[in-house]
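This report concerns only the one structure given below.
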Amino acid sequence: MAGGKQTPRQKLIGMMYLVLTAMLALNVSTAVLMSFLTVNDSIVATNKNFETKVESVYVMFEKALAENKEKVQESFDLAQEAKKLTAEFREHVQLLRTELISMSGKMSMEEAMDFNPRDLGRQDDYDTPSHLFLNMGKGAELRERIATHVKAMLELLPEEYRGNIVVPFDITGPFYDNSGKEIPWEVANFYKSIIVASITILNKLENDAMNLEIDVTNELFRLITSGDMTFDNVVARIIPKSTFVALGEVFEAEIFLVAFDSRTRVMANVNGQNIQSRDGVVEFKSQTSREGVFTVSGYLDVPGGERYPFKTEYVVAAPSASVSADKMNVFYVGVDNPVSLAVSGFDPSGISASISGSGNSITRSGSGYVVRVAAPSNDVTVSLTVRSGTSSKTAGNFRFRAKNIPDPIVLANGIGEQESVVDKGTLASGGGLRAMMKDFDFDLQVPVVSFTLVTTVGGDFQEQKSTSNRFTPQMITMINNARRGQRFSFEDIVVRMPTGNRTVRSFVLTIR
C-alpha cells in the first residue's frame with residue numbers, strides 16, 4: 001500500500017479492489033479447489049486398483065516358482081526386491097503427505113494419517129507446502145529419492161531390457177516460472193502450490209511408483225518365459241516372387257498371416273550386419289549403388305536359443321528414361337548447365353544424348369552431362385538413344401527452355417538493393433561498386449567494368465566516370481564534401497557477363 005495521506009477517491013479505489021479480489025477468490029478458487037479434490041479422489045481410487053493389479057503379477061510369480069523353482073527363483077527374488085523398493089518409496093511419500101496435512105491443519109501426525117483433504121479448514125493454504133518442501137528442504141530430498149528409486153528399480157533388469165521401461169517420473173524438466181526462468185523440480189511443483197494440489201501431486205507420485213513396479217515386474221516375468229513362443233500381434237504379409245516385373249510378364253506373390261510378439265527383443269543378422277528388433281520387428285535398409293540382382297540372407301535369433309534362417313532377392317534398376325537439369329528447369333545461356341539422365345534397364349555407358357538448336361551442345365562430364373546453349377529459346381530438345389545389341393533406338397525426347405542469365409544487383413559497400421540512405425563515410429570507405437547474382441544457383445562472378453557517378457551541388461551538375469569498379473579520387477572527394485540530403489546517382493553501370501558486357505539498372509543513394 002502506498003505511504004502518505006490518501007484522498008477519499010484513493011480510499012474508495014482501494015476498497016473496490018479488495019472487494020473485487022474477494023469476489024474473484026470466491027468464484028475462481030472454489031472451482032479450482034473442487035477440481036483438485038476431484039482429481040485427487042480419482043488418483044486415490046486408481047492407486048487402489050493398481051495395488052490389485054500388481055499383486056496379480058506376484059501371484060503369477062508364485063505359481064511359476066512352484067512349477068519350476070530352478071528357472072524362476074532368480075527373477076522371483078528380483079520381483080520381491082521391486083516390491084520392497086516400491087513399498088519403501090510409497091511409505092516415504094505417505095509420510096510427507098501426513099506431515100503436510102498435520103502442519104496445515106495443526107493436528108497430530110496420528111490425526112493427519114487418514115485425514116480427508118476435503119475436511120481441511122484451509123484448502124487453499126499455499127504457505128505450508130512452500131515451507132515444508134522448500135524452506136525445510138523436503139522437496140529436494142524427495143527429488144533425490146525419486147532418482148535413487150528409479151535407478152534401483154531399473155538395475156533389477158538386465159541392461160538390454162531396461163530400454164523397454166518407460167519411466168513415468170519426470171524430475172529433470174526443464175521447468176520454468178512465469179518469467180521463463182528455469183527452476184528446479186521442487187520449486188515448479190510446490191512453490192506457492194495450494195495444499196490440495198500438493199496432496200494430489202504426492203498421490204500421483206505413488207501412482208507413478210506403482211506404474212514403474214508393474215512394468216519392471218512384468219519384464220522380470222517375461223525373462224522366465226522368454227524361451228516360450230508367445231504372440232500378441234497378427235498381421236498380413238505379402239511376399240512377391242520377384243520385385244521386378246517386365247511389361248507383359250505375370251506378377252506372383254504369396255500372402256499369409258504372421259504372428260509375432262512385439263515385446264520380444266529379437267536379434268537379426270542380415271548380410272553380416274547385426275540389427276536389434278523394435279516392437280518385435282527387424283527393419284533392414286541397404287543403400288543401392290549399382291544395378292543388378294542382389295541377395296538378402298541371414299537369420300533371426302530369438303530368446304531361448306532358437307535360430308531361424310531366411311533368404312530373398314531383389315532387383316536394382318535405374319528409373320524410367322529421364323533428363324533433369326540439376327540446377328533448375330531451364331538452361332541458361334553462356335554457362336555450363338549440369339544435367340543427369342538415365343534409361344531404365346540400360347547401363348549408362350549404352351546411353352547417348354543429343355540436343356537441338358544451332359550452337360547448342362551436350363557433352364559428358366564425370367558421371368553426368370553438361371549442356372551449353374547459345375541463345376534464348378522456348379524449345380530446346382534433349383534426345384536420348386540407347387544401344388541394344390547391334391541396334392539403337394530412341395528412348396525419349398525432353399523439352400526445355402533456354403534463357404539469358406538474369407541481371408545482377410549492384411551495391412555500394414553492401415548498400416543499394418533495399419536501403420537508399422547512407423552515411424558519406426560508409427559510402428566513401430566502400431571504395432567502389434560490387435555486382436552479385438542474387439538467388440542464382442550457379443557460382444558466377446560478374447565484375448563491374450565501368451560506371452558513372454552523378455550529383456548536383458548548389459544547382460551545379462557534377463559527373464565523374466570510372467573505367468573500373470573502383471571510385472576515382474574525384475568521386476571520393478565529391479562524396480566526402482557532400483551535404484546531408486545530397487543525392488548520388490550511379491548510372492551507366494556496365495557488368496561483364498559470360499555472354500559479354502551488359503548495362504544494368506541505375507540506383508540512387510541519399511546522404512544521411
Side-chain angles (χ1 to χ4, degrees), residues 325-328 330-338 357-361 363 365 370-378 380 400-457 460-483 485-512:
D326 289 348
K327 293 291 185 180
M328 53 212 63
V330 298
F331 297 141
Y332 282 99
V333 177
V335 295
D336 289 342
N337 297 269
S358 176
N360 298 339
S361 65
T363 56
S365 177
V370 168
V371 168
R372 299 278 299 193
V373 289
S377 172
N378 287 326
V380 175
F400 292 84
R401 292 176 299 151
K403 297 172 61 176
N404 280 322
I405 297 172
D407 283 351
I409 62 171
V410 180
L411 306 172
N413 201 6
I415 302 170
E417 181 188 9
Q418 295 177 339
E419 299 180 63
S420 60
V421 180
V422 63
D423 295 327
K424 63 182 180 181
T426 301
L427 179 59
S429 65
L433 302 184
R434 182 174 66 91
M436 60 178 288
M437 301 298 300
K438 183 180 179 182
D439 299 328
F440 193 62
D441 287 342
F442 291 85
D443 184 14
L444 192 60
Q445 302 298 318
V446 285
V448 175
V449 297
S450 65
F451 68 95
T452 301
L453 181 62
V454 179
T455 189
T456 302
V457 180
D460 294 332
F461 180 80
Q462 296 184 9
E463 177 180 296
Q464 290 291 332
K465 183 176 179 62
S466 172
T467 55
S468 70
N469 72 315
R470 306 295 299 172
F471 290 149
T472 65
Q474 293 83 356
M475 289 179 178
I476 293 176
T477 300
M478 288 168 60
I479 295 170
N480 286 332
N481 293 335
R483 298 176 178 272
Q486 186 172 335
R487 292 160 58 87
F488 286 88
S489 177
F490 296 86
E491 302 175 356
D492 301 326
I493 304 170
V494 179
V495 178
R496 182 177 300 118
M497 303 293 287
T499 53
N501 289 348
R502 184 188 300 179
T503 300
V504 298
R505 72 174 183 86
S506 304
F507 66 97
V508 177
L509 296 179
T510 302
I511 301 299
R512 181 180 287 107

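Hydrogens, waters and symmetry mates are skipped; everything else that's a heavy atom, side chains included, is used. Residue indices begin at 1 and follow the sequence shown.
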- request: Look at atom CG of Asn378 and say whether more than 12 heavy atoms of other residues, nucleotides or ligands are closer to it than 6.0 Å.
  value: no
task: Flag yes if more than 12 heavy atoms outside Arg512 fall under 6.0 Å of its CZ atom; otherwise flag no.
output: yes
message: Which residue is it: Arg505, Arg502, Lys438? I am looking for the one with a salt bridge (Lys or Arg N to Asp or Glu O under 4.0 Å) to Asp407.
response: Arg502
Could you give the distance from [atom1] ([X]) to [atom2] ([Y]), rounded to the nearest 0.5 Å?
X: Thr363; Y: Arg372; atom1: OG1; atom2: CZ; answer: 9.5 Å
X: Asn481; Y: Ile511; atom1: CG; atom2: CD1; answer: 11.0 Å
X: Ile415; Y: Leu411; atom1: CD1; atom2: CG; answer: 9.0 Å

message: With side-chain contact (heavy atoms from CB on, under 4.5 Å) as the criterion, how do Gln486 and Val457 come out once you've worked through the C-alpha distance, each side chain's angles and the decisive distance to 0.1 Å?
response: CA-CA 8 Å; Gln486 186 172 335; Val457 180; 3.5 Å; yes
Quick check: do [X] and [Y] have side-chain heavy atoms less than 4.5 Å from each other?
X: Pro406; Y: Met437; value: yes
X: Met475; Y: Thr472; value: yes
X: Leu433; Y: Phe507; value: yes
X: Val448; Y: Arg434; value: no

Quick check: does any side chain N or O of [X] sit under 3.5 Å from a backbone N or O of [Y], one acting as donor and the other as acceptor?
X: Asn337; Y: Tyr332; value: yes
X: Asn360; Y: Ala374; value: yes
X: Asn413; Y: Thr426; value: yes

Measure across [X] and [Y] and return the closest heavy-atom pair with its distance rounded to 0.1 Å.
X: Ala375; Y: Val333; result: C-CG2, 3.6 Å
X: Leu427; Y: Phe471; result: O-CE1, 3.3 Å
X: Thr499; Y: Gly334; result: CG2-CA, 3.9 Å
X: Thr455; Y: Met478; result: CG2-CE, 3.3 Å

For residues 491-498, please give each side-chain donor-acceptor pair under 3.5 Å, one per line with the distance, not counting sequence neighbours.
{"residue": "Glu491", "atom": "OE2", "partner": "Ser489", "partner atom": "OG", "Å": "2.8"}

Donor-acceptor pairs under 3.5 angstrom involving side-chain atoms of residues 460-467: please list them, not counting sequence neighbours.
{"residue": "Ser466", "atom": "OG", "partner": "Ser468", "partner atom": "N", "Å": "3.3"}
{"residue": "Ser466", "atom": "OG", "partner": "Ser468", "partner atom": "O", "Å": "3.1"}
{"residue": "Ser466", "atom": "OG", "partner": "Arg470", "partner atom": "O", "Å": "2.7"}

task: Could you tell me how the ring of Phe490 sits relative to the ring of Phe451: parallel (under 30°), tilted (30 to 60°) or perpendicular (over 60°)?
output: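 Geometry flag for Phe451 against Phe490: tilted rings.
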